[in-house]
**Student:** 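What follows is a single structure, and I will ask about it in a moment.
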Amino acid sequence: MLRRVSVVNKIRIVDVSLSSVFHIGDSVSFTPLARIFAVRREYPLFFSNEGNFEDEIYSQVIPKPPDREPVSVAFHNENPTIHVRNIRIIGIAASSLVQIGSIDEIDAVDRVKNIRQLESNEENQ
C-alpha cells in the first residue's frame with residue numbers, strides 16, 4: 001500500500017450515519033453493509049410484521065469484478081505529504097467512507113427497498 005502523510009487543517013462533518021465511517025489513517029480493508037427497508041405512507045399506519053430482509057433484493061448475489069492483474073508500478077514523491085486546507089462535508093450515509101489516508105480494498109454494499117403508499121387523487125387521474 002502506498003503510504004503518505006495527510007495533513008488537514010480543518011474538517012467539518014455534519015452527519016455520519018447508516019454503516020458509514022469517517023477514518024483518519026491508513027486501512028487495509030473496509031467492508032460496510034447497509035440494508036434498509038423504508039415505507040412512506042400518507043397516513044402513518046405501520047405494522048410490526050412488514051419488512052423482510054429475506055426478500056430477494058437483500059439476498060441476491062452481487063457480481064464481483066474479476067481479480068485484477070498484477071501491475072508493476074514505481075512512484076517517486078518528492079514531497080510525500082498531502083496538504084489540505086479545508087474539508088466540509090454535509091453527510092456521509094449508506095455504506096460510505098470518507099478517509100484521510102490510504103486503503104487497499106473497499107467492498108461496500110447498500111441495499112435499499114423503498115415503498116411509497118400514497119392516497120390516490122381522483123381529480124388528477
**Student:** Got more than 12 heavy atoms from elsewhere within 6.0 Å of CG, L118?
**Tutor:**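 Atom CG in L118 is packed in, count exceeds 12.
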
**Student:** So L97 and I106, side chain to side chain contact (heavy atoms under 4.5 Å, CB included) or not? Walk me through it.
**Tutor:** CA-CA 9 Å; L97 170 68; I106 298 175; 4.0 Å; yes

**Student:** Is there side-chain contact between I103 and F30, with at least one heavy-atom pair below 4.5 Å?
**Tutor:**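 Result yes, sub-4.5 Å side-chain heavy-atom pair found.
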
**Student:** Any side-chain heavy atom of Y43 within less than 4.5 Å of one from Q117?
**Tutor:**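 No, every pair of side-chain atoms sits at 4.5 Å or beyond.
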
**Student:** Counting only N and O atoms by type, is there a donor-acceptor contact under 3.5 Å from the side chain of D107 to the main-chain atoms of T31?
**Tutor:** no

**Student:** Can you see which heavy atom on S95 is nearest to which on S20, and at what distance?
**Tutor:** N-OG, 3.5 Å

**Student:** Below 4.5 Å, heavy atoms only, C-beta onward: do I89 and V98 meet side chain to side chain?
**Tutor:**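 The answer is yes; the side chains approach within 4.5 Å.
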
**Student:** Find out whether I87 and R12 are in side-chain contact, i.e. whether some heavy atom of one side chain is under 4.5 Å from a heavy atom of the other.
**Tutor:**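 In short, these two side chains do not touch, never coming nearer than 4.5 Å.
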
**Student:** Using the rule given for side chain to side chain contact (heavy atoms under 4.5 Å, CB included), can you reason through I36 versus L18, listing the C-alpha separation, both sets of side-chain angles and the distance that settles it, and then say yes or no?
**Tutor:** CA-CA 9 Å; I36 301 166; L18 298 174; 3.9 Å; yes

**Student:** Go through the steps for R41 and R116 under the test side chain to side chain contact (heavy atoms under 4.5 Å, CB included), then give the verdict.
**Tutor:** CA-CA 6 Å; R41 294 191 173 107; R116 304 287 186 254; over 6 Å; no

**Student:** Please report the interatomic distance CD1(I92) to CG(D15), rounded to the nearest 0.5 Å.
**Tutor:**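 Going from CD1 on I92 over to CG on D15, the span is 8.5 Å.
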
**Student:** If every non-hydrogen atom of S6 is compared with every non-hydrogen atom of G101, which pair is closest and at what distance?
**Tutor:** OG-N, 4.0 Å

**Student:** Report yes or no: does S19 contribute a side-chain atom to a donor-acceptor pair with the main-chain N or O of L33 at less than 3.5 Å?
**Tutor:**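 Yes, S19 side chain to L33 backbone: donor-acceptor pair under 3.5 Å.
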
**Student:** Counting distance only, does the side-chain N/O of S17 pair as donor-acceptor with the main-chain N or O of A93 below 3.5 Å?
**Tutor:** no

**Student:** Quick one: is the NZ or CZ of R35 closer than 6.0 Å to the six-membered ring centre of F53, and within 45° of its axis?
**Tutor:**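 Checked: cation-pi criterion met.
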
**Student:** I want to check something: taking the side chain as every heavy atom from C-beta on, are K10 and V8 in contact at a cut-off of under 4.5 Å?
**Tutor:** no

**Student:** Show the nearest heavy-atom pair for residues D104 and V28, with the distance to one decimal.
**Tutor:**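 Smallest interatomic distance, heavy atoms only, reads CB-O, 3.1 Å.
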
**Student:** Can you find a pair of side-chain heavy atoms, one from F22 and one from I100, that are under 4.5 Å apart?
**Tutor:**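 SC-SC contact between F22 and I100 confirmed.
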
**Student:** Would you name the heavy atoms of I57 and R111 that are closest together and state the gap between them?
**Tutor:** O-NH1, 2.9 Å

**Student:** Would you sort out whether N9 and N86 count as a side chain to side chain contact (heavy atoms under 4.5 Å, CB included), showing the intermediate values?
**Tutor:** CA-CA 6 Å; N9 291 348; N86 189 19; over 6 Å; no

**Student:** Are any non-hydrogen side-chain atoms of S27 and Q99 less than 4.5 angstrom apart?
**Tutor:** yes

**Student:** Can you tell if the side chain of V21 reaches within under 4.5 Å of the side chain of V16, non-hydrogen atoms only?
**Tutor:**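 Not touching, per the 4.5 Å side-chain cut-off.
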
**Student:** To the nearest 0.5 Å, tell me how far I11 CD1 sits from R85 CZ.
**Tutor:**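 It comes to 15.5 Å.
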
**Student:** Can you confirm whether more than 12 heavy atoms, excluding those of E42, are under 6.0 Å from its CD atom?
**Tutor:** yes

**Student:** Can you tell me how far apart NZ (K113) and CZ (F37) are? Round to the nearest 0.5 Å.
**Tutor:** 6.0 Å

